[in-house]
Novice: 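My structure is below; once you've seen it, I'll send some questions.
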Amino acid sequence: MTGGCSIVWFRRDLRVEDNPALAAGVRSGKVIPVFIWAPEEEGHYYPGRVSRWWLKQSLSLLDSSLKNLGTSLITKRSSDSVSSLLDVIKSTGATQLFFNHLYDPLSLVRDHRAKEILSENGIIVRSFNADLLYEPWEVLDDEGRPFTTFAAFWERCLSMPYDPEPPQLPPKRIISGDVSKCPSDTLVFENESEKGSNALLSRAWTPGWSNGNKALTAFINGPLLHYSINRRKADSATTSFLSPHLHFGEVSVRKVFHQARIKQILWANEGNKSGEESVNLFLKSIGLREYSRYMSFNHPYSHERPLLGHLKFFPWVIDEGYFKVWRQGRTGYPLVDAGMRELWATGWLHDRIRVVVSSFFVKVLQLPWRWGMKYFWDTLLDADLESDALGWQYISGSLPDSHELERIDNPQIEGYKFDPNGEYVRRWLPELSRLPTEWIHHPWNAPEFVLQAAGIELGSNYPLPIVKIDTAQTRLQQALTQMWQHEANSRAVLENGIEEGLGDSTDDTPIAFPQDMQMETEQDNLGNRVTTTIRHYEDQMVPSLTVTTSLFRGTEQEEEEEEESSTDHRNGGHDDRRAEVPDDDDMNLESGREGIQSVIPQFNNQIDLRNINGGGGGSHSPAESSSGTSFRRERDGVMVPVWSPGNSDTSSYLQRHPQSHQVINWRQLSQTG
DNA sequence: TGTCGGTTGGT
DNA sequence: CCAACCGAC
């Protein structure tokens, strides 16, 4: 209660309301709110342009709110958050650090380290739950193990013996600590060339926690009622638009949950079945967000590697040309192309269309899913590592409850489902705007005179399908056969006693991917030479956004690959081509495997986050949280993640799903050859 | 009002 | 694949 001054370390909890770390700081006395911008720590997942734009706005609004309450946000530019925290502590004399939990793999490691180092320095460190209804370690099955399917997980969440914490009001006043010796750094979130593009974003979006609350209120009192009816429409006017707010923690998910629940009770009492169902469906999407954190916590590799191990044997098509065509929205499938153009133009995509384009990516083009995930990361306004990883894993059939890999959704049929009148396609594909609805989702079947009347010349101003669906289906079958064979071979090798210990962190599979490829050298739009190199690799490669040098002051990433830095000059040319689609100059290739190790080397060791807490009594076992209806959580950060290394083993994950359709399919495939 | 096939949706 | 749903008997 007394004495020292505390640092409240803001990250993706950019709100003053229902912010347990901030509340704890206020309770304990003087507060210094700090935000540290250390993008180098994110490795591959350096935030994309639109995401950085959002963050910039959000921080500025948070700062004004804090100023109204009596303090202000200290901002630090850093390449190492923990040492920056130590600097702030030294220059302010703070004695405590409070922050809210994050669950992405990088944060789990960094925050663990922060707790360790700061505790060693005599700082009291406490962390809290601000991002979830329940902490991942609270939600366990009857045997005390983490759930491995969504439905069971969510059912348990909805029937926990205690409700999620009700949202807290913002503090009335914050007493500021002494920051006279702790100047803020100016944070640069966009370069000159990005400013023009970003200016457009502010017409459509208003970041910040108070705007997030407005969006929530508007949604709850508006589209929520008809959510169940409208959710199939590609036309995104009926979604909540809360995801970017939730990603940055501007809106408390618990507030969202409580408000939706209140509506649900109201509608249930009125006998409004459709409204009640709408809330269920909306809450389910909140549940998926919860589940993404849950999966990330329990399987901290899920953004890099498939949960079900067989997928690493899938012979991905390593084709940059396909990848480019997909990004540019020139696949010849109108629904896919419209989605990709919308994504590029706005940073936004309706959930359904995300599924369409990503499933096309994986199943028709058979490109490595991590490429697609990375592109989403770079372009989505609500890019969110955990959610996106879950989504792509679901799409690519590597979750026990996901879509089957061999089932290709036909974009033509999906088109008439989600965009029955073709309005969405016409909005984003002006070249098809005069095509009648009858042909809008399959122009390749349209009679010549229809195309002529619509001013379309297939293969010229709109492409023919890049891959026919039945061709894709055949290719996919072959690929799957190959995958299961490789998987079986690998299993045989493992059973013969080859080492297994490294398996989880390094993908040292005896069966290497066969692809060695020669990338061609080509010119990008601006006449820069784009050079890619011959590469051998055993895992899928991940093209990564070449980081804009002007945003970096500190050290370059310690990738030993010269190509990485040699491509940097290309960024100079990455300008304001807003109306255009992304081009290759955004991307370069690097081996995912080296990437993994350089980003999160700690995962090669066993990690245990137990009891780093300064608060005493902090150790917390899963059994404790699941036992007893009288159990009541404290908000005071006494609980810390207990992160069992065993859980992150994908082979055990597979073992827990002997009935999964993947295994059944494997048997079928082996029989048929 | 039951149940049978076909269809649809599914994290 | 499998459950839920729907319309036809």
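Chain naming here is simple, since letters A, B, ... match the order of the sequence lines and numbering starts at 1 in each.
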Novice: Starting at OH of A:Y416 and ending at P of B:dG9, how long is that distance when rounded to a whole Å?
Specialist: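 Going from OH in A:Y416 over to P in B:dG9 covers 17 Å.
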Novice: Mind checking what makes salt bridge (Lys or Arg N to Asp or Glu O under 4.0 Å) contact with A:R426, not counting sequence neighbours?
Specialist: none
Novice: Table please: side-chain donor-acceptor pairs of residues 279-287 of chain A below 3.5 Å, with sequence neighbours left out.
Specialist:
from	atom 1	to	atom 2	distance (Å)
A:N280	OD1	A:Q264	NE2	2.8
A:S285	OG	A:F282	O	2.6

Novice: Measure the distance from CD on A:E386 to C1' on B:dT11 and round it to the nearest whole Å.
Specialist: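 In whole Å, B:dT11 C1' and A:E386 CD are 16 Å from each other.
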Novice: Assign A:R354 to base, sugar-phosphate, or nothing according to its heavy-atom contacts below 4.0 angstrom with the strands shown.
Specialist: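 Nothing, no heavy atom under 4.0 Å.
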Novice: Please state how far atom NE2 in A:H403 lies from atom P in B:dT11, giving the value in whole angstrom units.
Specialist: 8 Å
Novice: Categorize A:Y394 for me: base, sugar-phosphate, or nothing, with a 4.0 angstrom heavy-atom threshold over every strand shown.
Specialist: base
Novice: Has A:K417 got a side-chain N or O lying under 4.0 Å from the OP1 or OP2 atom of B:dT8?
Specialist: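 Checking A:K417 against B:dT8: no side-chain N or O falls below 4.0 Å of OP1 or OP2.
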Novice: Which nucleotide wins on minimum distance to the side chain of A:K284, given the candidates B:dT11, C:dC1, B:dG9?
Specialist: B:dT11
Novice: Sort out for me which residue in A:H258, A:R293, A:E290 forms a side-chain contact (heavy atoms from CB on, under 4.5 Å) with A:V253.
Specialist: A:E290
Novice: With no hydrogens and no angle check, just 3.5 Å: does a side-chain donor-acceptor pair link A:Q366 and A:Y322?
Specialist: no
Novice: To the nearest Å, give me how far apart CD (A:E404) and P (C:dC2) are.
Specialist: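 Atom CD in A:E404 sits about 9 Å away from atom P in C:dC2.
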